[in-house]
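Encoded as structure tokens, the structure appears first; notes follow it.
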Amino acid sequence: MKLESITEILTTIRQYNTAIIIHTFSKDGIYLIRARCIPSTSTIELTFLIEQRVELFDSIAEAVKIVELQVNSPHNA
């Protein structure tokens with residue numbers, strides 16, 4: 001998945017932080033990461049579905065890097 005696409009998705013989720021928008025990133029049919037914005041904040045929550053681990057990001061750029069590494073890594077899926 002292109003970096004620009006990931007950035008656009010996370011930016012949109014953050015922009016509409018008063019609504020509940022969840023995006024799930026997958027690779028080869030395997031769900032890897034669920035992304036949402038903590039309501040009424042600018043914090044992006046990434047849930048790593050395989051590990052059942054949650055990380056919070058105030059920086060879109062940092063969240064994008066993490067998603068891109070997971071989705072485009074040859075070692076996942």
Roughly how far, to the nearest 0.5 Å, is [atom2] of [Y] from [atom1] of [X]?
{"X": "Ile44", "Y": "Arg36", "atom1": "CD1", "atom2": "CZ", "value": "10.0 Å"}
{"X": "Ser73", "Y": "Leu32", "atom1": "OG", "atom2": "CG", "value": "9.5 Å"}
{"X": "Glu51", "Y": "Ile33", "atom1": "CD", "atom2": "CD1", "value": "8.5 Å"}

Do [X] and [Y] sit in one hydrophobic cluster, given that two such residues count as connected whenever their side-chain heavy atoms are within less than 4.5 Å of each other, even indirectly?
{"X": "Leu49", "Y": "Phe25", "value": "no"}
{"X": "Ile50", "Y": "Met1", "value": "yes"}
{"X": "Tyr16", "Y": "Leu46", "value": "yes"}
{"X": "Val54", "Y": "Ile20", "value": "no"}

Quick one: side chains of residues 5-13, donor-acceptor pairs under 3.5 Å with protein atoms, not counting sequence neighbours, listed by atom name and distance.
{"residue": "Thr7", "atom": "OG1", "partner": "Leu3", "partner atom": "O", "Å": "2.9"}
{"residue": "Thr11", "atom": "OG1", "partner": "Thr7", "partner atom": "O", "Å": "2.7"}
{"residue": "Thr12", "atom": "OG1", "partner": "Glu8", "partner atom": "O", "Å": "2.9"}

Practice task
Measure from the side-chain N and O atoms of Gln70 to the backbone N and O of Val67, and report whether any donor-acceptor pair falls under 3.5 Å.
Solution key: no
Exercise for the section: State whether the side chain of Arg14 and the backbone N or O of Ser42 hold a donor-acceptor pair below 3.5 Å, judged by distance alone. Expected result: yes
Handout entry: Close side-chain approach of Asn17 and Pro39, heavy atoms under 4.5 Å
Key = no
Enumerate, atom names and distances included, each donor-acceptor pair closer than 3.5 Å involving a side-chain atom of residues 55-63, sequence neighbours excluded.
{"residue": "Glu55", "atom": "OE2", "partner": "Arg53", "partner atom": "NH1", "Å": "2.1"}
{"residue": "Asp58", "atom": "OD1", "partner": "Thr43", "partner atom": "OG1", "Å": "2.7"}
{"residue": "Ser59", "atom": "OG", "partner": "Ala61", "partner atom": "N", "Å": "3.3"}
{"residue": "Ser59", "atom": "OG", "partner": "Glu62", "partner atom": "N", "Å": "3.1"}

